[in-house]
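Reviewing the structure listed below.
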Amino acid sequence: MDLLRRSSILLLILTFLSPKTVLSMRYEVNSGQMKCIAEDIHEKSMTVGKYFVVNPNDDHHPLPASHKIIVNVMSPQGTSLHEAENMESGQFSFTASETGRYLTCITAVDHKPETTLTIDLDWRFGVHSKDWSNVVKKSQVEMMETSVKSLLDTIVSIHEEMYYLHERGEEMHELNTSTNSKMALLSFLSLGVCLSVAGFQFWHLKTFFEKKKLI
């Protein structure tokens with residue numbers, strides 16, 4: 001039991017230290033309009049998402065006909081990963097095939113008169129895409145095993161995210177170095193042009209004054 005408690009505490013600490021892997025939000029969109037949410041996800045990360053239109057009435061009444069949405073989830077290259085039309089609710093899941101910015105776009109169907117829809121979106125990736133609370137625990141051993149598995153998944157997720165951030169840092173460093181080199185070259189070229197123009201003006205004025213016999 002002590003080992004289980006320690007594992008749970010360590011898992012909680014690592015969860016707080018881990019990068020943001022959960023996006024849960026509620027926002028409004030008008031009829032005929034689209035709103036997109038972008039998230040940076042690295043390769044091989046498991047991703048799950050759930051969405052639904054919030055019922056403006058109480059739960060005992062069905063949603064109005066105007067409260068339908070079109071959902072599109074796209075990869076960084078624009079490949080469609082999930083597409084659904086005239087939905088009130090739904091879900092999607094995929095494993096990222098590449099590192100980059102993924103888009104989830106939700107469009108409210110066109111309707112007259114115009115109405116405002118409230119959308120609830122829960123988007124999880126990495127270790128948080130696995131719902132450990134739904135794992136059946138039949139004994140203390142299974143509880144400990146599940147806790148350890150969740151802990152290992154969290155560690156792997158943090159390691160992958162750190163590696164990804166390290167790669168992004170190297171890319172930014174290379175970009176900064178390249179930009180600084182180009183700026184230095186441009187500065188020297190600008191200085192050369194200024195000196196050339198100044199020399200030409202000096203020569204032109206000297207020639208002019210010599211012709212006028214002023215010097």
Side-chain angles (χ1 to χ4, degrees), residues 2-27 29 34-52 69 71-84 89-107 119-137 141-181:
D2 290 338
L3 179 57
L4 177 61
R5 188 179 295 109
R6 293 194 193 101
S7 300
S8 300
I9 293 173
L10 183 55
L11 174 60
L12 182 62
I13 294 172
L14 287 174
T15 301
F16 278 113
L17 292 176
S18 62
K20 179 174 72 73
T21 54
V22 178
L23 174 66
S24 184
M25 62 184 303
R26 180 172 288 192
Y27 61 92
V29 58
M34 176 176 65
K35 285 189 178 181
C36 294
I37 309 298
E39 280 296 328
D40 286 323
I41 305 175
H42 55 77
E43 186 181 4
K44 297 181 181 179
S45 287
M46 180 64 186
T47 302
V48 295
K50 296 180 182 180
Y51 54 86
F52 65 89
I69 56 175
V71 183
N72 287 282
V73 182
M74 292 172 286
S75 71
Q77 301 298 326
T79 304
S80 178
L81 302 173
H82 173 76
E83 186 174 352
S89 64
Q91 58 186 10
F92 58 86
S93 64
F94 61 89
T95 300
S97 59
E98 57 183 325
T99 298
R101 179 154 291 190
Y102 288 75
L103 285 176
T104 296
C105 295
I106 296 180
T107 306
I119 311 298
D120 191 290
L121 173 65
D122 185 86
W123 193 1
R124 300 169 182 262
F125 41 92
V127 66
H128 290 286
S129 64
K130 299 181 180 180
D131 189 359
W132 291 101
S133 63
N134 291 330
V135 177
V136 178
K137 308 177 183 68
V141 175
E142 290 182 357
M143 291 175 64
M144 187 181 300
E145 181 182 358
T146 301
S147 179
V148 171
K149 285 182 179 179
S150 180
L151 178 62
L152 289 175
D153 267 17
T154 304
I155 293 173
V156 171
S157 176
I158 293 174
H159 174 74
E160 290 178 351
E161 190 69 22
M162 290 177 64
Y163 181 75
Y164 169 65
L165 292 175
H166 178 69
E167 286 185 336
R168 291 293 298 270
E170 288 184 347
E171 291 176 2
M172 292 300 297
H173 177 70
E174 292 177 359
L175 178 62
N176 289 336
T177 302
S178 175
T179 302
N180 290 337
S181 299

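One is the number of the first residue; the rest follow in order along the sequence. Quick note: numbers below take in every heavy atom, side chains included, and nothing from hydrogens, waters or symmetry partners.
Evaluation of the side chain to side chain donor-acceptor pair (under 3.5 Å) rule for H166 yields E170 as partners, not counting sequence neighbours. Under the side chain to side chain donor-acceptor pair (under 3.5 Å) criterion, E83 pairs with no residue at all, not counting sequence neighbours.
We find the CG-OH distance between D40 and Y164 to be 4.5 Å, quoted to the nearest 0.5 Å. Within the model, atoms CD1 of I37 and OH of Y27 stand 5.0 Å from one another, a figure rounded to the nearest 0.5 Å. Residue I69 holds its CD1 atom at 12.0 Å from SG of C105, rounded to the nearest 0.5 Å. Here the CG atom belonging to L121 is positioned 10.0 Å from the OH atom belonging to Y51, to the nearest 0.5 angstrom. Of the inter-residue distances, the one linking D120 atom CG with M25 atom CE reads 9.5 Å to the nearest 0.5 angstrom. Between K35 atom NZ and T107 atom OG1 the span is 12.0 Å, to the nearest 0.5 Å.
Residues A96 and Y102 share a closest heavy-atom pair of CB-OH, 3.4 Å.
In this structure the side chain of T47 reaches within 4.5 angstrom of the side chain of W123, judged on heavy atoms. F94 is listed as a side-chain neighbour of V73, based on a closest heavy-atom distance under 4.5 Å.
Side-chain N or O atoms of T99 include one that pairs as donor or acceptor with a backbone N or O of E43 at under 3.5 Å. With T177 contributing its side chain and H173 its backbone, the two residues share a donor-acceptor pair below 3.5 Å.
Residue Y163 qualifies as open at atom OH: its count of foreign heavy atoms under 6.0 Å is 12 or below.
Between F92 and H82, the two ring planes are tilted [angle within 30° to 60°].
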